[in-house]
Amino acid sequence: MVKSRPAILLSLAVVALAAMALTPAPVEATKYNITKLLEPYKQYSRFKEMLSRTRLAYDINRRQTITVLAVDNAAMSALDHYSLQTIRHILSLHVLVDYYGDKKLKKLAHGSTASSSMYQATGAASGMSGYVNITRKDGKVSFTTDDADDTAKPTRYVKSIKEYPYDIAVLEVSSIISSVDAEAPVPPPAPVDLVELLSKKYCKSFASLLSANADVFRTFNETKDNGLTLFCPVDSAVAAFAATYKNLTAKAKTAILLYHGVPDYFSLQLLKSNNGMVTTLATASENKDYSYDVQNKGETVTLQTRVVTSSITATVGDMEPLAVYAVNRFLKPKELFKVVEAPASAPEPSKKKSKAADGGDDDSSDDSGDGKADKGDPVPTAMLARGVTAATTVVAAFALMG
């Protein structure tokens, strides 16, 4: 029996409705973590460690199309006599800002090409010295720079380690890529007295808290030369939190102070152009989450801990690899304070919850509870849109039948 055209349309509409209901909501493009990709391969452990110590790992993770040229532990010994900043320059040459998987390398047009590296893209290279020449000859692929040392042998492609086409390719190469420019000595950063810096601008009270805690003070000083972003509460914020801070245990005081430091360098421009969770110095120290969400809207950057929302009000100092920003509220981690849940649909939320949600300076609330996970999330917009689209399709089909 042949179905009528309206009946066919109705059948298609029902199928579309089912498909839309079963299809998962679209998510953001996957971001690959280079240190996690290399984690299973012990032969690249020194390379992975240096990516973290030089902060290149963060730069790699925030890019969407990239190729990482890794070397094994034996080859990494060639970097032993360089400073950390010089190692960063050299390893930046091993990060190409384009995708070169195994197949692409073996099918190079004209047998050669040149690719910009992270060393070039960040502006650290002199002239064009941050470009890497890729050559395929007699079935072998090599990587060189125009200013390579005359005695250096070409760096050969060995094998593919991990590939996610057109996002990231991690390849093994035979040796460190030679470049006179990248290997040039880099002056060490000028010494910075944290207490003096904080005391000069906005954060004298917080500086006193840091200097009074020997463990915290040592941790900040040991971290600042390798990459540190410090969010210091202004004096009025410290004063508002003083009574609560006084009643914390010694361990909690250490944790909350370390919570204000992120072991990586973030310029203000970077904070204004990226959203996401950051781990803190307290994360490693306490072996717990101790993270917060950095969000931006226009020129405003906020730090959202799920207990309080604090905003950056001024730059205290920005001297890579150290950045210090003043914030208007003391950061309270969910590991030490009760999470402020979004108020349920009700005419009048409780007075206590309103104060916390508004980020009030009343810190006298019960701080002994642990944070609890949200019990439910709002329906994703994309999923709601698909439901509306599917319903519209069915309605249209019925209208055609009429």
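Taken from NE2 in H89 to OG in S129, the straight-line distance is 10.0 Å, to the nearest 0.5 Å.
The list of ring pair (Phe, Tyr, Trp, His ring centres under 6.0 Å) pairs with a residue in residues 94-114, not counting sequence neighbours, reads Y99-Y166. Among residues at least two apart or in separate chains, side-chain hydrogen bond (donor to acceptor under 3.5 Å, both in side chains) pairs with a member in residues 49-60 are R55-E320, D59-R88. Listed by first and then second residue, the side-chain hydrogen bond (donor to acceptor under 3.5 Å, both in side chains) pairs involving residues 260-271 are Y265-D318 (not counting sequence neighbours).
Between F241 and L209 there is no side-chain heavy-atom pair separated by less than 4.5 Å. The closest side-chain heavy-atom distance from T244 to F337 is below 4.5 Å. At least one side-chain heavy atom of L281 sits less than 4.5 Å from a side-chain heavy atom of L228. Within the 4.5 Å cutoff, the side chain of V141 has heavy atoms near those of the I134 side chain.
Not one N or O on the side chain of T229 forms a donor-acceptor pair closer than 3.5 Å with the backbone of A323. For D235 (side chain) and S205 (main-chain N/O), a donor-acceptor pair under 3.5 Å exists by modelled atom type. Listed for the Q295 side chain is no donor-acceptor partner under 3.5 Å among the backbone atoms of N274. Checked by atom type and distance alone, the side chain of T223 pairs as donor or acceptor with a backbone atom of T219 at under 3.5 Å. Distance alone, capped at 3.5 Å, places no donor-acceptor pair between the T302 side chain and the Q304 backbone. For the pair T305 (side chain) and P333 (backbone), a donor-acceptor distance under 3.5 Å is absent. A donor-acceptor pair is defined here as one N or O able to donate and one able to accept, closer than 3.5 Å; no such pair exists between the side chain of N328 and the backbone of A237.
The minimum heavy-atom distance linking I66 with L96 is given by the pair CG1-O, 3.2 Å. For the residue pair S92 and L56, the shortest heavy atom distance occurs at OG-CD2, 3.5 Å. Scanning both residues, L93 and A182, for their nearest heavy atoms gives CD1-CB, 3.7 Å. Here the shortest heavy-atom pairing between R136 and K107 reads NE-N, 4.3 Å. Summarising the geometry of A252 relative to L336, their closest heavy-atom pair is O-CD1, 3.8 Å, with the distance given to 0.1 Å. Here the closest heavy-atom approach between residue L37 and residue I168 is recorded as CD1-CD1, 4.1 Å.
Partners of S285 by side-chain hydrogen bond (donor to acceptor under 3.5 Å, both in side chains), not counting sequence neighbours: none found. Shown here are the side-chain hydrogen bond (donor to acceptor under 3.5 Å, both in side chains) partners of S126, two or more places apart in sequence or in another chain: D181. With sequence neighbours left out, S116 forms a side-chain hydrogen bond (donor to acceptor under 3.5 Å, both in side chains) with no residue at all. Every residue two or more places apart in sequence or in another chain was checked for a side-chain hydrogen bond (donor to acceptor under 3.5 Å, both in side chains) with N221, and none qualifies. Not counting sequence neighbours, the partners of K42 by the salt bridge (Lys or Arg N to Asp or Glu O under 4.0 Å) test are E39. By the ring pair (Phe, Tyr, Trp, His ring centres under 6.0 Å) test, Y292 is found to be paired with Y259, residues two or more places apart in sequence or in another chain being considered. For A152, the side chain to side chain contact (heavy atoms under 4.5 Å, CB included) partners at least two apart in sequence or on another chain are D149, S178.
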In a table with atom names and distances, give each donor-acceptor pair under 3.5 Å that connects a side chain of residues 76-85 to protein atoms at least two apart or in another chain.
unit_1, atom_1, unit_2, atom_2, d
S77, OG, A74, O, 2.6
D80, OD1, R46, NH2, 2.6
S83, OG, T86, N, 3.3
S83, OG, T86, OG1, 3.1

Show which side-chain atoms of residues 170-177 pair as donor or acceptor with protein atoms under 3.5 Å away, not counting sequence neighbours.
unit_1, atom_1, unit_2, atom_2, d
E172, OE1, Y44, OH, 2.6
S174, OG, R156, N, 2.8
S175, OG, T155, OG1, 3.2

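A side-chain donor from one of D102 and Y157 sits under 3.5 Å from a side-chain acceptor of the other.
N133 pairs in a side chain to side chain donor-acceptor pair (under 3.5 Å) with only one of the listed residues (D146, T113, T145), which is D146.
Around NZ of K204, the count of heavy atoms belonging to other residues, nucleotides or ligands within 6.0 Å does not exceed 12. Remark: K162 NZ is loosely packed, at most 12 non-hydrogen atoms of other residues, nucleotides or ligands lying under 6.0 Å away.
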